[in-house]
Amino acid sequence: MARSALHFYDTLSRRKVEFRPLTPGEVRMYHCGPTVYQRPHIGNYRAFLFADLLRRVLERWGYRVTQVMNLTDVGHLLGDGDDGEDRMEKQARKEGTDPWKIVERVAEQFFADLKALGVQPAHHYPRATAHVPEMLEMIRELIKRGHAYQVGENVYFDVHSFSEYGKLSGNRVADLEAGARLEVNPEKRHPADFALWKSDPRHVMKWASEFGEHGFPGWHIECSAMSKKYLGESFDIHTGGEDNVFPHHECEIAQSECAHGKPFVSLWMHTQFLQVDGGKMSKSLGNVYLLDDVATHGFTPRDFRFFALRAHYRGSLNFTWEALKGAAESRRSLTDLRGRLRAAAGPALPDPEPPSESADFDEALADDLNASAAVAALFALRSRFLRETWWSPNQAAAALSFLAEADAIFGLFDPDGAGALDDARVEALLAERLAARAARDFARSDAVRDELTRAGIVLEDTPEGQKWHRS
Ligand code: AMP
Ligand code: ZN
């Protein structure tokens, strides 16, 4: 059965639109990635998991996808404006190290987290600091076309030169300038102008150019320049969290459309922020959780993945440990379903007739990635299987293959072999269990036994001592 066309909500036109790529069969998309001054928190991963879901759905619909996610390693100032301190530089000073070292550390943590979350690697992860020449080139072009101007060693974008400024966020120049939120910077022609290039001799990350010796790029120009390099002047989809709409994406549109004289992005998609305990995640509340905290509480990264993805990306989502537990339990019941289907299934047929829930699953995804409805289709399948005790091995095999397809979208199941222990580790745990028993620490010996059981190790206490085999 043919799948319905994909429809997505477009932040710019403020409605759901049928998805039509610029080049038939191909999708080029860009995601605003992490500012790598600190390991990303679970809120960031809501945005990145959404990007992964989007890609997997596009691929299920047969598109060839090119996916780019940048790493912001310079120029993202506190407050997202032009006058705060650079987040990288501030963190480096705090740690008494240099920002380059922090980039390396955080990038490594970021990629390890993505892997643990089962995120398919993007095709490119460009770093801003590796693309300064491309940014300078775009800035020169904007000056040449009359959209940017230099004052001293700084360069600003002239928002009055682009009548469409504000079309994404609804923040029109006149309203912005009437608002009291803008700081008065005497260098700027208009209060709403924003920096493309800034000078600061104290900066550790700095580049010499015709504008001066100690320059560094503005955050917005980075994404305009990197998306152009990897995806071209016009491409299909750009995503980010809802806070990116303004100023970041509004400014990206202004820069790219003024530099190239053509539309920048066809479709803008934004994830709503993950909340924690009903509010914002913040250091002062001590609720900025990392993936390690998820593990400390006894959950796996896949539990968090399922928690984040089963909610609609534009809907509110509140993280609590109780809610994560609910997601982990749901995920387990789907793993249980897979086990039951495996037991009931005959050999896989070449082209099995999929269960009716498969059409509902696709219908839900086609409707602006309605993940909760798609997951509901999986639970409908589960209920039907448990109710209808007469399934043939063929039916079970078909359901199993549909479940594998759902896994390819949501990354539901722990990868095969996850949690597996090698022989040496098993022997070490057995020795630990013996020692614990000798010390009459039965809590510990039971805990070790549980760990082994979870990893599929069957233990026997025989007169000759402990024996084990894999289940
Ligand atoms: P940053 O590291 O601040 O540049 O953010 C990286 C990405 O994570 C951006 O697309 C943000 O919009 C997104 N983001 C930040 N906080 C959250 C949150 N609590 N929930 C969802 N996305 C977020
Ligand atoms: Zn960006």
Side-chain angles (χ1 to χ4, degrees), residues 11 29-54 68-81 84 86-88 90-91 102-103 106-107 109-110 113-114 117 119 122 124-128 131 135 168-169 194 217-231 235 237-256 264-265 268-283 285 287-290 304 307-309 311-319:
T11 309
M29 61 176 177
Y30 186 92
H31 315 288
C32 284
T35 304
V36 287
Y37 69 116
Q38 275 174 355
R39 181 172 168 188
H41 53 60
I42 58 172
N44 298 124
Y45 287 117
R46 182 182 193 197
F48 305 150
L49 283 166
F50 157 68
D52 186 55
L53 176 69
L54 178 58
V68 178
M69 179 176 282
N70 73 291
L71 269 60
T72 300
D73 56 359
V74 67
H76 189 178
L77 309 185
L78 292 169
D80 291 359
D86 189 311
R87 293 170 198 233
M88 299 294 317
K90 181 176 179 196
Q91 184 66 24
I102 294 179
V103 175
V106 174
Q109 291 167 331
F110 169 60
D113 284 351
L114 289 184
L117 287 165
V119 170
H124 304 277
Y125 289 102
R127 294 181 187 195
H131 295 80
M135 296 170 204
L168 181 71
S169 63
F194 58 90
W219 173 37
H220 318 309
I221 196 72
E222 301 175 359
C223 288
S224 281
M226 291 188 281
S227 61
K228 175 188 177 180
K229 174 162 179 179
Y230 295 96
L231 300 172
F235 57 92
I237 306 179
H238 195 315
T239 78
E242 58 180 338
D243 63 323
N244 286 157
V245 173
F246 188 84
H248 190 47
H249 291 164
E250 192 71 67
C251 296
E252 279 187 46
I253 294 176
Q255 297 162 156
S256 296
F264 178 37
V265 165
W268 287 92
M269 298 177 79
H270 293 94
T271 324
Q272 205 177 101
F273 260 32
L274 178 73
Q275 294 204 311
V276 171
D277 302 325
K280 213 174 139 76
M281 243 188 287
S282 84
K283 288 230 176 66
L285 296 172
N287 64 2
V288 180
Y289 296 128
L290 306 178
F304 179 75
F307 165 81
L309 284 185
H312 191 249
Y313 72 97
R314 284 192 297 115
S316 59
L317 179 61
N318 183 31
F319 180 86

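Computed from a predicted structure; not experimentally measured. Positions are given from 1 along the sequence. Whatever order the structure lists them in is the order used to number ligands and atoms, beginning at 1.
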Would you say ligand 1 has an N or O under 3.5 Å from any N or O of [X]?
| X | value |
| --- | --- |
| Phe273 | no |
| Gln272 | no |
| Trp219 | no |

Shortest non-hydrogen contact between Gly33 and Met69, atoms and distance: CA-CG, 3.5 Å

Can a non-hydrogen atom of [X] be found less than 4.0 Å from any atom of ligand 1?
| X | result |
| --- | --- |
| Tyr37 | no |
| Gly33 | yes |
| Thr271 | no |
| Lys280 | no |
| Asp243 | yes |

Got a donor-acceptor contact below 3.5 angstrom from the [X] side chain to the [Y] backbone?
| X | Y | result |
| --- | --- | --- |
| Gln272 | Arg314 | yes |
| Ser227 | Ser224 | yes |
| Glu242 | Phe273 | yes |

What protein heavy atom sits nearest [atom], and how far away is it?
| atom | result |
| --- | --- |
| atom 9 (C) of ligand 1 | Asn244 OD1, 3.4 Å |
| atom 15 (C) of ligand 1 | Asn44 ND2, 3.1 Å |
| atom 20 (N) of ligand 1 | Leu274 N, 2.8 Å |
| atom 2 (O) of ligand 1 | Thr35 N, 2.8 Å |

Mind checking the CZ-OH spacing from Phe235 to Tyr30? Nearest 0.5 Å is all I need. 7.5 Å

Residue [X] vicinity, atoms of ligand 1 by number, heavy atom under 4.0 Å:
| X | result |
| --- | --- |
| Gly43 | 17 (C), 18 (C), 19 (N), 20 (N), 21 (C), 22 (N), 23 (C) |
| Pro34 | 2 (O), 6 (C) |
| Ala47 | 13 (C), 22 (N) |
| Cys32 | 10 (O) |
| His41 | 16 (N) |
| Phe48 | 6 (C), 7 (C) |

Mind checking whether [X] and [Y] have ring centres under 6.0 Å apart?
| X | Y | value |
| --- | --- | --- |
| His41 | Tyr289 | no |
| His131 | Tyr230 | yes |
| His249 | His220 | no |

Measure Gln275 to ligand 1 on non-hydrogen atoms and call it side chain, backbone, both or neither using the 4.0 Å cut-off. neither

Indicate, as side chain, backbone, both or neither, the part of His76 found under 4.0 angstrom from ligand 1 when only non-hydrogen atoms are considered. side chain

Parallel, tilted or perpendicular: rings of His270 and Trp268 (30°, 60°): parallel

Starting from the C-alpha separation in whole Å, work towards a yes-or-no answer on side chain to side chain contact (heavy atoms under 4.5 Å, CB included) for Phe110 and Leu71. CA-CA 10 Å; Phe110 169 60; Leu71 269 60; 3.9 Å; yes

Report the C-alpha separation of Arg87 and Asp80 in whole Å, then their side-chain angles, then the decisive distance to 0.1 Å, and conclude whether the salt bridge (charged side-chain N to carboxylate O under 4.0 Å, His left out) test is met. CA-CA 10 Å; Arg87 293 170 198 233; Asp80 291 359; 2.8 Å; yes

Between Thr72 and Asn70: side-chain donor-acceptor atoms closer than 3.5 Å: yes

Can His76 and Glu222 be counted as having a side-chain donor-acceptor contact under 3.5 angstrom? no

The angle formed at the Zn ion (ligand 2) by SG of Cys32 and NE2 of His248 is about (to 10 degrees) 110°

Please report the C-alpha distance between Ser169 and Glu250 in whole Å, then the side-chain angles of each, then the deciding distance to 0.1 Å, and finally whether the side-chain hydrogen bond (donor to acceptor under 3.5 Å, both in side chains) criterion is met. CA-CA 7 Å; Ser169 63; Glu250 192 71 67; 2.6 Å; yes

Closer than 2.8 Å to the Zn ion (ligand 2), do we get an N, O or S atom from His249, backbone or side chain? no

Quick check on the Zn ion (ligand 2): does Cys223 put an N/O/S atom closer than 2.8 Å to it? yes

